[in-house]
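These notes concern the structure reproduced below.
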Amino acid sequence: MFSSPFLLAFPFFLLLCFLLYWAGARHAYLRRPEAEPGNADAFDWHFFVPCRDEEAVVGTTVGRLRADHPRAHVWVIDDDSDDRTGAIVAELAEEDRRVHLVRRHRPNARQGKGAALNAAYDELNQFLSKHTDRERVVVCVIDADGQLDPNALDIVSGPAGFGDPETGGVQVSVRMRNAGDPRPLPDRGRVRNAFARLLVRMQDMEFSVSNAGMQLLRGRTGSVGLGGNGQFTRLASLDRIAAAERRPWQRGALLEDYELGLHMILTGDRISHIADTWVSQEGLPHGRRFLTQRTRWAQGNLQCVRYAPRIVSSRHYGGKGVLETLYTFLQPVAHLVTLALCAVMFALLGLTAAEDGPGAAFGGMLALWPLVLALAVVSIMPFVLWGPVYRRDRAPDASFPAALLWGLALWLYAYHLFPASARGFVRMLRGRNGWAKTRRNAETIESGPVAIEA
């Protein structure tokens, strides 16, 4: 079983890896150069908006994309919705020739977000002239509730993005636009709304500073990941992936966005992250919806472990990129091992208490309190130190003590990874690999059909 040295060494090893990763991410975020704008008119832009039962948000999303980016085409993929999503987009398409509706029908529909995006890719290929310069065509994936920075195309066109001909993909920063909403749950009481406000704030803090730092660190290791919202890719890069994999996005993948990035790097294209422009989405104020979303992400991360041999042997990944990618892959595995070790340690404590009495079992633990306290400080401080950074960039009206409390809350918030990883692992063991859409905040149980797992 687990030996005593392993029980002691493994947590220290994980803590060391976390501290090194955090230090690199924080340094990359704080020392990043400002992204220079480029010429957006040098490219042709096409937005892909995958939708399943999105009548609550799709009209606003399409209208804003067309108003802010009038030269771009918007391709809405209706994945056989049961509500009025298709009808709403069809009306918009009749009035605007740059709005396109991609209709999908069961049994070919509802096979995951990747399959829906591949359908839009096929439609775009039919739409474009055979003489089109596909290096100049850029596809951007936007969530059905996404809102893109009006200046995003200029920034993404710059030298940090597609102004560099070797860049095949760009991921922009993600924000939660309802982070300042005083009542995320209008029909609930003060306690529930206090929890909902904090949950949304933590998501905004996670994405806009912590995850942005991680992505900027990956820019230095050559392993930037693509996300499902605000994901920009050259059409020519998608073509290269399709030539190698038969399709750009992997069917049945729960992290089709991250897997696309892996394939892009494996085919020799570079991906950059630009933190100076953004896409916004709604943070989830419901704990259950949040855990469902994160379980899907954890399970998708576990699916990506199968890429490890290809990445290790690829000439397009350097040593730092291999280490960073493997670290990302193995996060859910590390959470599962940590949970197992905790169970073993509690079992050993129980056996010791049964044989020698409770005093002997817990006396040894109390004797280690200085070490436990030091480890707690070292573990918590990295999260707390993100608080002032977040206050500077995203919440300048907040007080400094509030920023520190947000940082402390971010530490507690991070523990959601353990139940999410465990649930994702159990789902994988049970063969439950279907894709379920996260219910929008505007949707209620009574609001009409909502996509369920395929």
Side-chain angles (χ1 to χ4, degrees), residues 13-36 135 156 158-173 209-228 230-234 236-245 248-250 253 255-276 297 300-334 382:
F13 174 73
L14 286 184
L15 179 59
L16 177 61
C17 291
F18 163 72
L19 290 175
L20 289 174
Y21 201 87
W22 167 80
R26 181 179 171 84
H27 182 269
Y29 184 87
L30 294 177
R31 299 299 177 88
R32 70 188 189 277
E34 184 177 356
E36 299 178 14
E135 294 285 351
V156 170
F162 295 111
D164 181 349
E166 295 185 1
T167 297
V170 175
Q171 178 62 48
V172 302
S173 186
V209 293
S210 178
N211 284 5
M214 290 167 53
Q215 287 278 60
L216 291 166
L217 172 63
R218 290 170 175 172
R220 299 181 178 187
T221 61
S223 55
V224 174
L226 291 174
Q231 164 200 129
F232 292 82
T233 53
R234 284 188 199 269
S237 298
L238 297 180
D239 294 340
R240 285 187 280 273
I241 297 172
E245 306 291 334
W249 288 274
Q250 295 301 295
L255 284 184
E256 85 297 324
D257 43 10
Y258 186 69
E259 291 194 24
L260 179 74
L262 296 177
H263 286 292
M264 189 167 289
I265 297 173
L266 287 170
T267 54
D269 285 312
R270 189 171 68 85
I271 304 174
S272 65
H273 179 84
I274 299 180
D276 294 326
W297 293 0
N301 216 335
L302 289 168
Q303 289 179 339
C304 288
V305 173
R306 71 184 188 274
Y307 288 101
R310 294 178 61 182
I311 288 169
V312 171
S313 61
S314 173
R315 63 186 178 89
H316 298 298
Y317 275 89
K320 294 179 181 179
V322 169
L323 289 176
E324 191 285 322
T325 305
L326 294 181
Y327 177 82
T328 300
F329 284 177
L330 296 176
Q331 283 296 295
V333 177

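No experiment lies behind these values; they were computed from the predicted model shown.
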Completion exercise
Rounding to 0.5 Å, atoms NE2 (His27) and CZ (Arg220) come to a distance of 5.5 Å
Practice task
Nearest 0.5 Å please: distance from the CG atom of Leu20 over to the CZ atom of Phe18.
Solution key: 10.5 Å
Handout entry: Minimum heavy-atom distance Ala275-Arg32, with the two atoms named
Key = CB-NE, 3.8 Å
Exercise for the section: Of all the heavy-atom pairs spanning Ser223 and Gly321, show the shortest one and how long it is. Expected result: CB-O, 4.0 Å
Practice task
Scan residues 261-275 for pairs that pass side-chain hydrogen bond (donor to acceptor under 3.5 Å, both in side chains), counting only residues two or more places apart or in two chains.
Solution key: Asp164-Arg270, Thr167-Arg270, Ser237-Asp269, Arg240-Asp269, Glu245-His263, His263-Tyr307
Handout entry: Distance-minimising heavy-atom pair for Asn301 and Pro332
Key = CB-CG, 3.7 Å
Handout entry: Considering all heavy atoms, the nearest Val170-Gly161 contact
Key = CG2-CA, 3.8 Å
Handout entry: Side chain proximity check, Leu262 to Phe329, heavy atoms < 4.5 angstrom
Key = yes
Problem - Basic-acidic side-chain contact under 4.0 Å: Glu259, Arg306 - result: yes
Problem - Test item: Arg218 and Thr328 side chains (from C-beta on) under 4.5 Å apart, heavy atoms - result: yes
Problem - Approximate separation, where rounding is to 0.5 Å, of Met214 CE and Arg26 CZ - result: 15.5 Å
Problem - Heavy-atom check, side chain of Tyr317 versus side chain of Val312, under 4.5 Å - result: no
Exercise for the section: Could you pull out all residues at least two apart from Tyr29 that satisfy ring pair (Phe, Tyr, Trp, His ring centres under 6.0 Å)? Expected result: none
Problem - Between SG on residue Cys17 and CD on residue Gln331, distance to nearest 0.5 Å - result: 8.5 Å
Problem - Close side-chain approach of Leu326 to Ile311, heavy-atom, < 4.5 Å - result: no
Problem - Flag side-chain contact, heavy atom, 4.5 Å: Leu226 against Tyr258 - result: no
Exercise for the section: Provide the closest heavy-atom pair for Val156 versus Ile274 in the form atom of the first, atom of the second, distance. Expected result: CA-CD1, 4.2 Å
Exercise for the section: Report yes or no: does Gln231 contribute a side-chain atom to a donor-acceptor pair with the main-chain N or O of Gly227 at less than 3.5 Å? Expected result: yes
Practice task
Work out which heavy atom in Ala25 is nearest to a heavy atom in Leu217; give both atom names and the distance.
Solution key: N-CD2, 3.9 Å
Exercise for the section: Would you confirm whether Gln171, through its side chain, and Gly230, through its main-chain N or O, come within 3.5 Å as a donor-acceptor pair? Expected result: yes
Exercise for the section: Could you tell me whether the side chain of Glu34 reaches within less than 4.5 Å of the side chain of Asp276, counting heavy atoms only? Expected result: yes
Problem - Verdict with reasoning, Leu323 to Tyr21, per side-chain contact (heavy atoms from CB on, under 4.5 Å) - result: CA-CA 11 Å; Leu323 289 176; Tyr21 201 87; over 6 Å; no
Exercise for the section: Would you check if Leu238 and Leu260 make a side-chain contact, meaning some heavy-atom pair closer than 4.5 Å? Expected result: yes
Exercise for the section: Would you check if Trp249 and Ile241 make a side-chain contact, meaning some heavy-atom pair closer than 4.5 Å? Expected result: no
Exercise for the section: To the nearest 0.5 Å, tell me how far Gln215 CD sits from Ile271 CD1. Expected result: 8.5 Å
